[in-house]
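Down below is the structure, laid out as structure tokens.
Protein chains get the first letters and strands the later ones, always in sequence-line order, with residue 1 at the start of each. Computation of the quantities below employed the complete heavy-atom set of this structure, encompassing side-chain atoms and omitting hydrogens, waters and symmetry-equivalent molecules.
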Amino acid sequence: MSADQIAIIAAMTVPLLGAAAIAIAGKAPNLREGVTLVTALLLLAAVLSLLPDVLAGARPQWAFDEILPGIAIAFRVEPLGMIFALVASLLWPINSLYSIGYMRGNDESHQTRFYVCFAIALWAAMGIAFSANLVTLFIFYEVLTLSTYPLVTHKGTEAARDGGRVYLGILIATSIGLLLPAIVWTWSAAGTTDFTDGGILAGHLDGPLVGVLLFLFMFGIGKAALMPVHRWLPAAMVAPTPVSALLHAVAVVKAGVFTVVKVIVYVFGLETLQAEPSAQWLLYAAGFTIIVASVIALRQDNLKRRLAYSTVSQLSYVILAAAILAPLSVVGAALHIAAHAFGKITLFFAAGAIYTAAHKTEVSQLRGIGWRMPWTMTAFTIGSLSMIGVPPAAGFISKWYLLVGAFSMEQWVAVGVVVLSTVLNAAYFLPIVFSAFARDGDNGGPEHGEAPWPIVAALTATAALTVLLFLFHQIPLDLARQMAGA
Amino acid sequence: MIVENLPALQVVLPLLAAPLCLLLSRGRPAWLVATLISWLGLAISVVLLWQVKDGSVIHYAFGGWAAPWGIEYVVDRLAAYVLLIVSLIAAVMMPYAWRSLSSEIDAHLLPLAFTLMLLCLAGLLGIVITGDAFNLFVLLEISSLSTYALISLGKDRRSLTAAYQYLIMGTIGATFFIIGVGLMYQLTGTLNMADLAERIDALEDRRTLKTAFAFITVGLALKLAMFPLHLWLPNAYTFAPSVVTAFLAATATKVALYAMIRFVYTVFGTHFAFESMHIEVLVLPLAAVGIFITSVVAVFQHDIKRMLAYSSVAQIGYMLLGIGMATVTGLTASLVHLFNHALMKGALFLALGAVCYRIGRCDIDRMAGIARDMPLTMAAFVVGGLSLIGVPLTVGFLSKWYLLSAAMELGWWPLAALVLVTSLIAVVYIGRVVEAAYFRERPAGTETVQEAPAVLLIPTWILVAANLYFGIHSSLTLGVAGDAAAHLFGAVK
């Protein structure tokens with residue numbers, strides 16, 4: 001057994017063991033939080049240890065057991081999965097630090113259950129990232145849905161129950177109702193569900209059926225929040241902010257678009273889709289989602305809901321980039337998974353910091369708050385810039401590749417969508433920034449300063465990562481190029 | 001010596017131990033005997049499966065009288081597999097039965113209850129193992145009669161009506177079955193199932209044979225609660241004692257389904273059943289409509305036992321779909337689901353039984369907030385529910401996968417859609433219970449209750465663990481079911 005295999009096994013067991021240890025240590029909060037942090041760091045180490053070999057072109061794999069004849073629970077680390085795993089495992093320790101500040105600062109109940117579910121969710125995210133076939137991916141996709149349900153309904157109130165109902169309802173209905181038949185169909189058509197360079201469906205399926213199967217996949221992957229199956233994401237905002245930050249800006253939604261890219265690149269294959277007119281609709285569906293979600297975001301006063309709709313819009317950037325079907329735009333899609341993750345988690349961290357320090361949740365209440373919480377609002381500004389896609393934030397890089405790809409394929413619709421949505425992004429983020437730093441601000445309320453230090457440390461770190469990813473994007477870029485063959 | 005006689009012992013042990021339980025005349029010793037016998041039964045069925053795993057077949061001539069004069073017991077892979085399911089469920093539930101039954105029925109009836117449970121077990125095991133059509137009828141009656149009595153033991157007086165209703169319907173079913181067997185005997189002069197299969201080849205055009213086929217399938221359809229012949233089942237499951245419901249839901253309908261498979265595929269043969277009689281024209285639409293209707297009806301039930309009962313009828317519909325497809329994959333799906341459904345419904349009914357043990361009746365309103373008081377029991381219920389829905393890493397996922405594959409293989413998209421839609425309806429009815437138990441407050445005026453005792457929790461969790469274990473390490477169930485299905489089709493004439 002090679003070192004890489006051990007690393008895969010470690011990545012697939014450490015979060016689970018961590019969850020068990022957290023449950024055992026539940027009575028001693030300090031020990032419990034220590035376990036969370038250690039688990040997160042161990043996972044990060046395991047994932048990082050895989051990076052050099054994958055960069056060098058290796059594809060380490062490990063199979064657990066056959067669950068169905070000919071289909072094993074198997075893992076294979078390829079570049080796209082590496083990017084997703086890196087992003088999730090890098091942000092988990094930071095988010096754990098933030099969680100500690102947030103959950104204690106707000107006196108939340110059931111904290112042990114919270115951390116246990118969090119660890120299981122990260123385990124599922126790793127499983128998705130490293131899955132070697134559709135069935136393995138589907139297994140962990142469902143684990144992720146179910147393990148985040150108790151986090152969404154954490155508060156146990158009527159509102160939490162209703163939010164949870166929408167959340168679980170849409171995610172389960174789409175995954176069982178559409179994604180599962182898509183997988184079984186793929187299996188019966190191609191005789192395999194392994195992710196393979198160049199796709200597995202070429203020669204097994206053609207004509208309008210390709211478009212139909214693509215439809216089942218794209219709306220079956222409800223986590224990618226393509227309209228109209230996006231409503232679970234705003235509904236999930238009822239969760240405590242650390243959940244919204246790591247799970248509903250990073251792990252869960254990125255699992256969705258990650259799956260979309262994987263299916264397009266490794267199941268259909270870019271060339272199969274390029275040759276098939278019936279697959280064209282995806283571009284328009286993604287473009288529609290980008291614009292409409294931005295317009296809705298513009299009209300939200302609740303900060304977290306505005307961020308949620310921004311996420312819906314940004315997720316469709318990834319789908320749009322993949323749907324352009326140019327290798328360079330697919331590179332953009334992969335990079336955007338990372339870029340959006342760092343930016344959006346920063347924005348959610350800031351929203352949670354504002355809630356913890358000032359108990360404010362609406363955009364209209366934030367006038368002048370930047371002077372009381374300079375760190376928080378500076379980080380918020382950086383996150384906003386990344387969403388809009390201007391330097392020096394990471395969002396610029398991914399948008400660049402997306403546009404280059406769109407030009408190369410002469411997809412003018414995509415170019416128009418990107419330009420329009422950039423304007424919209426600016427329209428709903430910049431006013432928050434300007435008003436937060438308005439001189440005449442301060443609408444009263446009790447005196448407050450910054451949120452507790454773990455929160456500030458965490459959001460500073462992610463804001464720094466957003467800028468660093470702009471400056472040093474070579475590693476994710478190399479990985480993305482390997483995947484897209486560009 | 002003992003090993004040679006294992007096929008007989010499998011049935012005779014519980015049959016002989018049953019009167020012993022009655023003679024002991026006190027609850028606890030009777031329970032100990034029943035538990036011991038059920039464990040021995042499990043050991044025997046494990047050995048039997050191990051013996052025939054390579055595809056060999058054990059023929060056992062009862063009392064040394066060779067077939068076709070004597071009664072022959074036949075253990076092939078399929079039979080051994082179903083024997084294992086039944087005896088596994090019995091072995092897990094017997095330890096549970098004592099606490100659960102003693103809270104629901106009078107103490108002086110307890111020895112009788114264990115006697116009846118052993119008789120029922122003997123009957124069910126016998127149906128599976130026997131190779132003789134008339135013997136099958138006798139064993140069907142043994143299990144059915146003991147079931148009627150068991151249902152009537154429920155503490156709610158409506159259990160008497162439920163038992164009576166089942167008695168009427170069940171007797172009609174058994175009568176139809178024996179009429180069919182009689183016609184076949186008149187036609188062929190034999191009752192041995194293997195002999196029958198050989199002799200009816202030449203008689204396929206005879207009207208008597210067609211009539212016999214109709215009587216036998218309708219009779220068995222009543223027994224296995226095929227929609228719309230299921231009307232006895234919801235009441236029976238609702239008002240029977242909890243552990244009896246769990247046992248019946250996990251075994252009785254499965255065994256009737258097994259008998260159906262035996263007759264359709266082995267005795268009559270696929271050629272006669274599908275190409276001459278077109279049984280699928282009847283089975284498929286009824287199964288499809290039944291799955292949908294009973295799933296929807298389940299959503300509107302207040303009594304959770306009744307809800308699961310309706311769900312059972314829907315799940316039986318899935319198995320019938322697989323049978324009606326008349327393909328290897330379809331039949332495999334049926335057999336896989338036969339095993340898996342026993343595990344999931346067993347786990348769900350045991351968890352529910354533990355709730356009933358604490359709060360009396362399992363109305364959804366009475367169960368409000370119960371997860372706070374009984375977290376382990378409700379966690380078991382949730383996992384069982386996930387398995388029923390077909391979430392991956394549980395056995396339910398494998399069932400759904402095979403059913404979908406089978407439907408898609410034939411290009412029957414509407415059926416695939418039906419399976420998916422009804423899975424989502426299962427999300428709704430399981431979700432209702434979960435929301436009530438986890439999000440609502442305990443009803444006003446009720447005291448907090450304690451977590452269920454360990455003797456109830458451990459068997460429940462054994463079945464829950466089996467749901468997960470066989471959901472991941474599926475080679476045993478999928479392998480045996482796949483081989484058995486291929487074998488049944490290999491015998492096509």
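B:Tyr81 places a side-chain N or O within 3.5 Å of a backbone atom of B:Leu335 that can act as its donor or acceptor partner. B:Ser474 contributes a side-chain N or O that, together with a main-chain N or O of A:Ile67, makes up a donor-acceptor pair within less than 3.5 Å.
Summarising the local packing, CG of A:Asp162 is surrounded by more than 12 heavy atoms from other residues, nucleotides or ligands at distances under 6.0 Å. Heavy-atom neighbours of A:Arg231 CZ from other residues, nucleotides or ligands within 6.0 Å: at or below the threshold of 12.
Only the side chain of B:Leu478 comes within contact range of chain A, judged by heavy atoms closer than 4.5 Å. For chain B, the nearby parts of A:Thr153 are the backbone and the side chain; heavy atoms of each come within less than 4.5 Å. Only the side chain of B:Glu435 comes within less than 4.5 Å of a heavy atom of chain A; its backbone N, CA, C and O stay farther away. At a 4.5 Å heavy-atom cutoff, the contact between A:Leu146 and chain B is made by side-chain atoms alone. Contact of B:Leu424 with chain A is made through the side chain alone, with heavy-atom distances under 4.5 Å. Contact annotation for B:Ser423: only side-chain heavy atoms (C-beta onward) come within less than 4.5 Å of a heavy atom of chain A. Neither the backbone nor the side chain of A:Phe140 comes within contact range of chain B, judged by heavy atoms closer than 4.5 Å.
B:Arg442 and B:Thr448 form no side-chain donor-acceptor contact under 3.5 Å, judged by distance and modelled atom types alone. Between B:Tyr429 and B:Ser311, the side chains place a donor N or O and an acceptor N or O closer than 3.5 Å (distance only, hydrogens not considered).
Put simply, OG1 on B:Thr332 and NE2 on B:His337 are 14.0 Å apart, with the number rounded to the nearest 0.5 Å. Note that OG1 of A:Thr148 is 6.5 Å distant from NZ of A:Lys223, once rounded to the nearest 0.5 Å.
B:Phe470 and B:Phe339 have their aromatic ring centers within a separation under 6.0 angstrom.
Comparing B:Tyr438, B:Tyr402, B:Trp401 by heavy-atom pairs within less than 4.5 Å of chain A, the highest count is held by B:Trp401. The candidate with the highest count of non-hydrogen atom pairs below 4.5 Å against chain B, out of A:Pro181, A:Ala189, A:Ser188, is A:Pro181. Of the listed residues (A:Arg165, A:Glu142, A:Glu66, A:Glu158), the one with the most heavy-atom contacts under 4.5 Å to chain B is A:Arg165. Interface summary for chain B: among A:Leu68, A:Val143, A:Thr157, A:Val135, the most heavy-atom pairs under 4.5 angstrom belong to A:Leu68.
Under the 4.5 Å side-chain criterion, counting only non-hydrogen atoms from C-beta, A:Ile22 is not in contact with A:Gln111.
Using a 4.5 Å cut-off between non-hydrogen atoms, the part of residues 374-386 of chain B that approaches chain A consists of B:Leu386.
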Carefully, step by step, assess A:Trp185 and A:Phe215 under the rule ring-ring contact (aromatic ring centres under 6.0 Å, His included). CA-CA 13 Å; A:Trp185 187 1; A:Phe215 175 89; over 10 Å; no
